Amino acid sequence: MQPKIWMNGRLIKWEDAKIHVLSHVVHYGSSVFEGVRCYHTEKGSAVLFLKEHVRRLYDSAKIYRMEIPFTQLELREAVLETVMASGLSACYIRPIVFRGEGALGVNPLKSKVEVAIAVWEWGSYLGEDALEKGVDMRIASWRRIAPNTTPSSAKAGGNYLNSSLIKMEAVLDGYSEGIALDMNGYVAEGSGENIFLVRDEVIYTPMTAQSLLPGITRGAVIKLAKSLGYEVRETLISRESLYVADEVFATGTAAEITPVRSIDKYKIGTGERGEVTKALQEAYFDIIRNGNDKYGWLTFLPEPKQKANGMHREVAKA
Ligand code: PPE
C-alpha cells in the first residue's frame with residue numbers, strides 16, 4: 001500500500017491525491033517544491049534540515065507571489081505527520097505548492113494555491129555504487145537558466161524543464177548527469193545537484209548568484225569542510241578547471257555527496273573517490289547514519305506514544 005499524501009491540510013489516500021487537467025500548474029509550470037530526506041539513524045528516524053527546506057519553500061513561493069495558506073510551523077508539523085503516517089523509517093519527502101484551479105491564461109493570481117506533501121522510498125540518486133565509486137558526467141550543451149529570467153534560487157517546477165533537457169542529454173549519451181554552465185560559460189550546477197571541485201586541498205564552488213539553486217546540502221558541506229580545516233572559496237569556476245581538478249563532487253538532498261570520477265571522458269584526479277570527498281562524506285554520514293546531531297540539523301521523529309501528548313508540536317518547533 002502506498003503512503004498517504006497530505007493535501008491542503010489533511011492526509012488522504014495516495015490514489016485520491018489528484019488535480020484537474022486544467023490546473024494552472026499543468027499548463028504553466030507554476031509550482032514551487034522541496035526535496036527533503038528522512039533518515040533512519042542509529043538514534044531513530046530524523047528529518048534532515050526540516051526548517052531550512054520549509055523556509056526555502058516559502059522563499060520560492062514569495063518570489064512567485066504565492067500565498068501559502070499555512071504557517072511554516074504548520075507545514076513542518078505536516079511533514080512530520082506525513083512521514084509518521086507512512087510508517088517508513090527512511091524516505092524522501094516532497095512538499096509542493098502549486099497553482100490549482102481557477103482561470104487559465106498566464107496570469108496565475110486567479111488560481112488557488114494548493115499544498116501537498118508526499119513521501120516515498122528513494123535510494124541512491126545517481127546509481128548503485130555512486131557514493132563510493134563516483135559517477136561519469138558531461139558538460140551539458142544546454143546553459144543553465146540565466147539571471148533575471150526564471151530565477152534559479154527559487155526551486156520552481158518550471159526550472160526543471162531546463163534540468164530535464166540537461167538530464168536527458170546526459171543519460172541518452174551514457175552519462176549519469178550533465179553539468180550546466182551559466183550564460184557566461186562558467187560552471188553553474190548539475191540538473192539536480194550543486195558542484196564542487198578540489199585542487200591542492202582547497203575547495204571551490206560556484207557563487208550562489210551564478211544561476212544555481214543555493215543548495216541546503218551545499219551550505220552544509222561548506223560548513224563541514226570549514227570545520228575540518230579546509231579553505232572553501234565561492235568563486236567563478238571555468239569549465240576546464242573541472243578537468244584538471246584533483247577531485248570533483250556533487251551535492252544535493254537526493255545525491256548527498258557523490259564523487260564525480262570523469263567529466264567529458266577526462267579522468268578526474270585518480271578516477272577514484274578523493275580524500276577530501278571521502279572526509280566530507282564521513283562527516284555527513286556521521287550525522288545521517290549515526291545520528292550525531294552536532295549542528296542541530298536533525299529533527300527526530302517522536303516515538304509513537306509521545307505523539308498523543310504534544311511532543312509532535314515541540315519537535316517541529318525545535
Ligand atoms: N540544484 C538543483 C537544480 C537541484 O534540483 C538541487 C536539489 C540542488 C541543486 C541541491 O539542493 P539541496 O537539495 O538543497 O542540497 N535537487 C532535488 C531534486 C531532485 C529531483 O530529481 O527531483 C533533490 O536533491 O532533492
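We count residues from 1, following the sequence as given. One-based numbering, in listed order, for ligands and for the atoms of each. Just so it is clear, the structure is predicted and the values come from calculations on it, not from any experiment.
Protein heavy atom closest to atom 17 (C) of ligand 1, with residue, atom name and distance, is Lys155 NZ, 3.3 Å. Counting only heavy atoms of the protein, atom 2 (C) of ligand 1 lies nearest to Glu189 OE1, 3.5 Å. Distance from atom 5 (O) of ligand 1 to its nearest protein heavy atom, with residue and atom name: Tyr160 OH, 2.5 Å. Of all protein heavy atoms, the one closest to atom 13 (O) of ligand 1 is Thr253 OG1, 2.6 Å.
Using a 4.0 angstrom heavy-atom cutoff, Lys167 does not count as in contact with ligand 1. A heavy-atom separation below 4.0 Å is found between Ser191 and ligand 1. Residue-ligand proximity: Glu52 is placed with every non-hydrogen atom at 4.0 Å or more from ligand 1. Proximity of Tyr92 to ligand 1 is established by a heavy-atom distance of less than 4.0 Å. Assignment of Arg56 to the shell around ligand 1 is supported, since a heavy atom sits closer than 4.0 Å.
With Tyr58 as the aromatic partner, Arg55 does not meet the cation-pi criteria of under 6.0 angstrom to the ring centre and within 45 degrees of the ring axis. Figure legend: Lys226 and Tyr295 shown without cation-pi pairing, the cationic atom not lying both under 6.0 angstrom from the six-membered ring centre and within 45 degrees of its axis.
A donor-acceptor contact under 3.5 angstrom links the side chains of Ser262 and Asp136, judged on distance only. Residues Ser23 and Glu101 bring no donor and acceptor atom of their side chains to less than 3.5 Å of each other.
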Next on the checklist: If you apply the rule salt bridge (Lys or Arg N to Asp or Glu O under 4.0 Å), what do you find for Arg138 with Glu169, and how did you get there?
Outcome noted: CA-CA 9 Å; Arg138 61 163 287 168; Glu169 176 183 68; 3.7 Å; yes
Next on the checklist: Does Val36 form a side chain to side chain contact (heavy atoms under 4.5 Å, CB included) with Val47? I'd like the steps, not just the answer.
Outcome noted: CA-CA 7 Å; Val36 192; Val47 178; 3.6 Å; yes
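When heavy-atom distances to ligand 1 are checked against a 4.0 Å cut-off, Arg144 comes that close only through its side chain, counted from C-beta outward. The side chain of Trp122, and not its backbone, has at least one atom closer than 4.0 Å to an atom of ligand 1 (non-hydrogen atoms only; side chain from C-beta on). With a 4.0 Å heavy-atom cut-off, ligand 1 is reached by the side chain of Arg94 but not by its N, CA, C or O.
Going from atom CG of Asp182 over to atom CZ of Arg143 covers 7.5 Å, rounded to the nearest 0.5 Å.
Where the criterion is an N or O separation shorter than 3.5 Å, residue side chain and backbone included, Ile216 meets it with respect to ligand 1.
Taking every non-hydrogen atom of Ala254 and a distance limit under 4.0 Å, the qualifying atoms of ligand 1 come out as 23 (C), 24 (O), 25 (O). Ligand 1 places these atoms under 4.0 Å from at least one heavy atom of Gly215: 11 (O), 12 (P), 14 (O), 15 (O). The atoms of ligand 1 that sit less than 4.0 Å from any heavy atom of Asn194 are 9 (C), 10 (C). Atoms of ligand 1 found under 4.0 Å from any heavy atom of Gly252, numbered from 1 in the order shown, are 10 (C), 13 (O), 15 (O).
Using bins of under 30°, 30° to 60° and over 60° for the plane-to-plane angle, the ring pair Phe249/Phe196 lands in the parallel bin. Ring geometry, Tyr243 versus Tyr266: the interplanar angle falls under 30°, so the pair is classed parallel (tilted spans 30 to 60°).
Remark: among candidates Ile166, Asn159, Thr217, the nearest residue to atom 15 (O) of ligand 1 is Thr217, based on non-hydrogen atoms. The residue among Gly192, Ser163, Ser152 with a heavy atom at the shortest distance from atom 8 (C) of ligand 1 is Gly192.
Follow the hydrophobic side-chain contacts under 4.5 Å out from Tyr204 and you never reach Ile222; the two are in separate clusters. Both Leu181 and Leu197 belong to a common hydrophobic cluster when Ile, Leu, Val, Met, Phe, Trp and Tyr are linked at side-chain heavy-atom distances under 4.5 angstrom.
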